Amino acid sequence: MTIFDLGWTPFFEAAFSTHDTDVFTPARIFRQDRQRYLAVSEIGTFNATLLGRLLHDESAVLPAVGDWVVLQAFDADQAVIHETLPRFSEFARKEVGQKTRRQVVAANINTVFLVSGLDNDFNIRRIERYLVQAAGSGAKPVILLNKMDMCADLAGCISEVQRVAGDYPIIPLSAIEGDGIDQLKAHIKPGETVAFLGSSGVGKSSLVNRLVGDAYLKTGAVREDDSRGRHTTSHRELVLLDAGGLVMDTPGMRELQLWGEEEDLQAVFSDIEELAQNCKFRDCLHDTEPGCSVQEALETGTLDADRFASYAKLKKELAYLDRRKDEASIMKARKKDKELGKLYKSVQKNNPKRF
Ligand code: GDP
Ligand code: ZN
């Protein structure tokens, strides 16, 4: 195995080049368990923890699964992470709980497979949603239509998806019967990382099993003692395939809540954005304004009402997130001001002449 099999590229090489190679090794994060990481490098596999400074530095980027890190080994299998190298793509979700913070769950994915099932659960609006999610990530989306064995009108479904998919590839397949698996494999190149995104039950695990097969059983399971001394079997979230390429299979990727920017919407709904260019008012809400090209297209049927509703809903959600993000940064700024205020006061008290 070489570092290139793990996904190393000139992009990371350039970022790593300032580090002393006598001390540091680049390694890729294969699994994360809070602040414990499994890091794989050319010189071995390490259980790694974070350098204390990283934990206290609010501006530090903490590693996620898929990240390349700057590692200092101090034992055959123990190491410390000094830094996270820049990413070319990342998937984030809203942090669990009240705070509206961004939590990166996967990094450096080349291709993201957006999986839908062609059974009763088939839902074109959900595909739009995942496309928006993918648009902001930096990864290339490929649409997988699984369970083709359960679809009575395959051609009809595919053409419906084509209408929302832009230029992104669409692959109908069956994890159970094996049709289309070769087309899927053709999108996984050596040294590249892929991930699966889709609702529960669409067949993601079945597809991953098709790709990983025995390799998963061989290298996937890691037996470990948990804090209470029990044996737990956890699995690697990044898996190197025998045929080359890596599959990201982290629980965090499975049910991503929407997190994005309004620009991501423009990438997926370019038809609506184009129509909006011709609205009479720059800030047209496409509601009851006169001279609205979007309403006109809805009336003539050039724009599908469901598609517009889906666009409006996603836009509203993203705008809501935006406000929450703003509020979160205002709160943070206030907290900082307060702390500075306190600091100022205490310095003033102890050293009045300087102020
Ligand atoms: P996940 O939740 O997305 O990981 O979905 P799973 O891989 O666990 O699959 C959910 C269910 O769908 C299981 O019962 C699978 O056997 C079934 N399933 C997966 N792929 C296919 C397929 O291509 N055709 C059919 N008929 N069933 C499938
Ligand atoms: Zn309008």
Side-chain angles (χ1 to χ4, degrees), residues 91 105-106 112-123 126-127 129-130 133-134 142-154 157-158 161 170-185 194-213 216-217 220 235 237 239 247-256 262 265-266 269-305 307-316 319:
F91 279 86
V105 293
V112 60
F113 296 117
L114 308 178
V115 194
S116 292
L118 286 170
D119 49 4
N120 300 330
D121 204 34
F122 182 66
N123 182 337
R126 209 178 292 138
I127 296 179
R129 211 183 163 81
Y130 283 124
Q133 194 97 56
V142 171
I143 298 172
L144 301 188
L145 304 176
N146 191 32
K147 307 195 187 183
M148 66 183 281
D149 54 291
M150 299 198 43
C151 183
D153 177 21
L154 187 60
C157 284
I158 291 176
V161 177
I170 303 170
I171 304 176
L173 74 179
S174 169
I176 295 289
E177 298 191 341
D179 306 272
I181 299 295
D182 286 342
Q183 281 94 302
L184 168 63
K185 286 182 178 166
V194 302
F196 292 82
L197 198 60
S199 321
S200 161
V202 294
K204 296 181 299 297
S205 315
S206 310
L207 289 168
V208 169
N209 285 343
R210 276 267 171 191
L211 297 175
V212 172
Y216 208 43
L217 299 175
H235 69 275
E237 294 171 349
V239 183
V247 176
M248 174 89 69
D249 184 26
T250 111
M253 275 295 284
R254 296 231 168 134
E255 287 283 335
L256 278 186
E262 289 201 48
L265 216 53
Q266 287 168 22
F269 293 92
S270 54
D271 52 343
I272 299 181
E273 302 284 345
E274 257 166 49
L275 284 169
Q277 301 279 308
N278 297 320
C279 291
K280 190 167 161 203
F281 299 108
R282 270 266 135 259
D283 56 351
C284 184
L285 297 172
H286 323 308
D287 190 14
T288 53
E289 291 90 340
C292 172
S293 303
V294 174
Q295 283 298 333
E296 205 170 287
L298 283 168
E299 271 156 37
T300 58
T302 9
L303 174 62
D304 188 34
R307 179 164 171 82
F308 180 62
S310 163
Y311 167 84
K313 185 159 177 278
L314 287 165
K315 196 169 174 106
K316 207 166 131 192

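The model shown is predicted, which means the values in this text are computed figures rather than measured ones. Both ligands and their constituent atoms are indexed starting at 1 by order of listing.
Taking every heavy atom of both residues into account, Pro172 and Ile158 meet most closely at CG-CD1, 3.7 Å. What you find for Met248 and Ala106 is that their closest heavy atoms are CE-CB, 3.9 Å. Closest non-hydrogen pair, His286 versus Gln295, comes out as O-NE2, 2.8 Å.
Those atoms of ligand 1 with a heavy atom of Val202 less than 4.0 angstrom away are 3 (O), 5 (O). Interface atoms of ligand 1 facing Ser206, defined by a heavy-atom separation under 4.0 Å, are 6 (P), 7 (O), 9 (O), 15 (C), 19 (C). Atoms of ligand 1 found under 4.0 Å from any heavy atom of Ser199, numbered from 1 in the order shown, are 3 (O). Close contacts of ligand 1 with Lys204, meaning ligand atoms under 4.0 Å from a residue heavy atom, involve 1 (P), 3 (O), 4 (O), 5 (O), 7 (O).
The N/O atoms of Met150, backbone and side chain alike, include none that comes under 3.5 Å of an N/O atom in ligand 1. Among the atoms of Met148, none of the N or O lies under 3.5 angstrom from an N or O of ligand 1. Inclusion of Gly201 in the set of residues having an N or O under 3.5 Å from an N or O of ligand 1 is warranted.
With respect to Tyr130, the side-chain contact (heavy atoms from CB on, under 4.5 Å) criterion is satisfied by exactly one of Ile143, Val112, Leu114: Leu114.
At a 4.0 Å heavy-atom cut-off, ligand 1 touches Ile176 through backbone and side chain alike. By the criterion of a heavy-atom distance under 4.0 Å, the side chain of Asn146, and not its backbone, is placed next to ligand 1. Under 4.0 angstrom from ligand 1, the non-hydrogen atoms of Lys147 come from both its backbone and its side chain.
The ring-ring contact (aromatic ring centres under 6.0 Å, His included) test applied to Phe122 returns no partner, not counting sequence neighbours.
A donor atom on one side chain and an acceptor atom on the other are not found under 3.5 Å apart for Ser174 and Asp179.
Counting heavy atoms of neighbouring residues, nucleotides and ligands inside a 6.0 Å radius, atom CG of Asp153 exceeds 12 of them.
A salt bridge is absent between Asp249 and Lys204; no separation between the charged side-chain nitrogens and carboxylate oxygens falls under 4.0 Å.
Residues Phe196 and Leu211 form a side-chain contact, since some pair of their non-hydrogen atoms from C-beta on lies under 4.5 Å apart.
The distance from atom CD1 of Ile176 to atom CG of Asn146, rounded to the nearest 0.5 Å, is 8.0 Å.
Between the Gln133 side chain and the Arg129 main chain, no donor and acceptor come within less than 3.5 Å of each other.
The set of protein atoms (N, O or S) found at less than 2.8 Å from the Zn ion (ligand 2) reads Cys279 SG, Cys284 SG, His286 ND1, Cys292 SG, by chain and number.
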